[in-house]
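As structure tokens, the structure follows; a few thoughts come after it.
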Amino acid sequence: MNWRLFTVIFLATFGLSFSALASLGDFHLLGNHQDYQPQQPIAYSHALHAGQLGIACEYCHSGAGESRHASVPSLSTCMNCHEQVKGSTAAGQAEIQKIAQMHAANEPVRWVRVHNLPDFVYFNHSAHVNKKVACQTCHGNVQDMAVVKQFSDLSMGWCVNCHRTQNAQDPKLNAPLDCDACHR
């Protein structure tokens, strides 16, 4: 087969497929899962814990200020409170019972990741937390969410615009705009 003809056919097929997906309106660029809200194995309410009870994000996501990853809390963290607090509703009690059973059996909760960047993107939570960037900047008003969803599109353009805005507001922040800051 003629390689030029093959290339033309391939590119035309790819282009038409891409256009068809984009026209469906349900197409997202890689890593853009804005409004993604998966069902979780435990019905955990950030509106209750972070909102009503005022528990700081870093109590549960302890790695956020120290490492690249914010970390998902272990069941031991949950049980720090839930050894005593059993829930004020039947539904709450049932979820706490699940947590207690999993903890007793030494089983981890298999949370479904909500914010999932592509593998070629490097993001460091600690760099943002230590610069006093509020969690809500990227994650939205989590303290109002009964079920967490991806608030921002987390696209490259969204991140770069945030860095540009931060640099314009406070040049001492020096939010990086070079490619290798996020693509390593």
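Basis for what follows: all heavy atoms, side chains included, without hydrogens, waters or symmetry-related copies. Quick caveat: nothing in here was measured; it's all calculated off a predicted structure.
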Considering all heavy atoms of both residues, which atom of Ala181 and which atom of Pro176 are nearest to each other, and what is their separation?
-> CB-CB, 3.6 Å
When you measure from the side chain of Thr137 to the backbone N and O of Ala134, does any donor-acceptor pair fall under 3.5 Å?
-> yes
Linked, directly or transitively: Ile42 and Leu75 (ILVMFWY side chains, under 4.5 Å) = yes
Rounding to 0.5 Å, atoms CD (Gln166) and CZ (Arg164) come to a distance of 13.5 Å
Gln39 CD: over 12 foreign heavy atoms closer than 6.0 Å | no
Considering only heavy atoms from C-beta outward, does the side chain of Gln143 approach that of Gln136 to under 4.5 Å?
-> yes
Got a sec: does the CG of Asp178 have more than 12 other heavy atoms crowding it under 6.0 Å?
-> yes
Residues Met79, Ile99; criterion side chain to side chain contact (heavy atoms under 4.5 Å, CB included); working and verdict | CA-CA 8 Å; Met79 293 308 292; Ile99 292 168; 3.7 Å; yes
Are Thr165 and Gln169 side-chain neighbours, meaning at least one heavy-atom pair lies under 4.5 Å?
-> yes
Co-membership, hydrophobic cluster, residues Val160 and Val121, 4.5 Å side-chain | no
Are the side chains of Arg110 and Pro108 in touch, meaning some heavy atoms are under 4.5 Å apart?
-> yes
Using a 3.5 Å cut-off and no angle test, enumerate the donor-acceptor pairs between side-chain atoms of residues 81-92 and protein atoms at least two apart in sequence or in another chain.
from, atom 1, to, atom 2, distance (Å)
His82, ND1, Val85, O, 2.9
Lys86, NZ, His82, O, 3.1
Lys86, NZ, Glu83, O, 3.0
Thr89, OG1, Gly92, N, 2.9

Roughly how far, to the nearest 0.5 Å, is the CD atom of Gln97 from the CD atom of Gln93?
-> 9.5 Å
Distance col, row Cys78:SG vs His103:NE2, nearest 0.5 angstrom, shows 9.0 Å
Selection residues 116-129 - residue pairs positive for salt bridge (charged side-chain N to carboxylate O under 4.0 Å, His left out), sequence neighbours left out = none
Under the ring-ring contact (aromatic ring centres under 6.0 Å, His included) test, which residues partner Tyr44, sequence neighbours left out?
-> His46, His49
Is there side-chain contact between Pro73 and His61, with heavy atoms separated by less than 4.5 Å?
-> yes
Only pairs under 3.5 Å count here: list side-chain donor-acceptor contacts from residues 124-131, not counting sequence neighbours, and write none if there are none.
from, atom 1, to, atom 2, distance (Å)
Asn124, OD1, Ser126, N, 2.9
Asn124, OD1, Ser126, OG, 2.6
Asn124, OD1, Ala127, N, 3.4
Asn124, ND2, Tyr122, OH, 3.3
His125, ND1, Arg68, O, 3.1
His128, ND1, Asn124, O, 2.9
Asn130, ND2, Gly65, O, 3.2
Asn130, ND2, Ser126, O, 2.9

Do side-chain atoms of Asn167 reach the backbone of Ala175 as a donor and acceptor pair under 3.5 angstrom?
-> yes
Gap separating the CG atom of Asn161 from the OG atom of Ser155, nearest 0.5 angstrom | 8.0 Å
Quick one: do Met156 and Phe120 end up in the same hydrophobic cluster if we chain Ile, Leu, Val, Met, Phe, Trp and Tyr together by side-chain heavy atoms under 4.5 Å apart?
-> no
Identify the two heavy atoms, one from Pro171 and one from Ala168, that lie closest to each other, and give their separation to 0.1 Å.
-> CD-O, 4.4 Å
Quick one: side-chain hydrogen bond (donor to acceptor under 3.5 Å, both in side chains) partners of Ser67, sequence neighbours excluded?
-> none
Inter- and intrachain pairs under ring-ring contact (aromatic ring centres under 6.0 Å, His included), touching residues 138-179, at least two apart = His115-His139
Val72, Met102: one ILVMFWY side-chain cluster at the under-4.5 Å cut-off?
-> yes
Tyr36 and Val112, any side-chain heavy atoms less than 4.5 Å apart | yes
Should Leu154 and Val114 be counted in the same cluster of Ile, Leu, Val, Met, Phe, Trp and Tyr side chains packed under 4.5 Å apart?
-> no
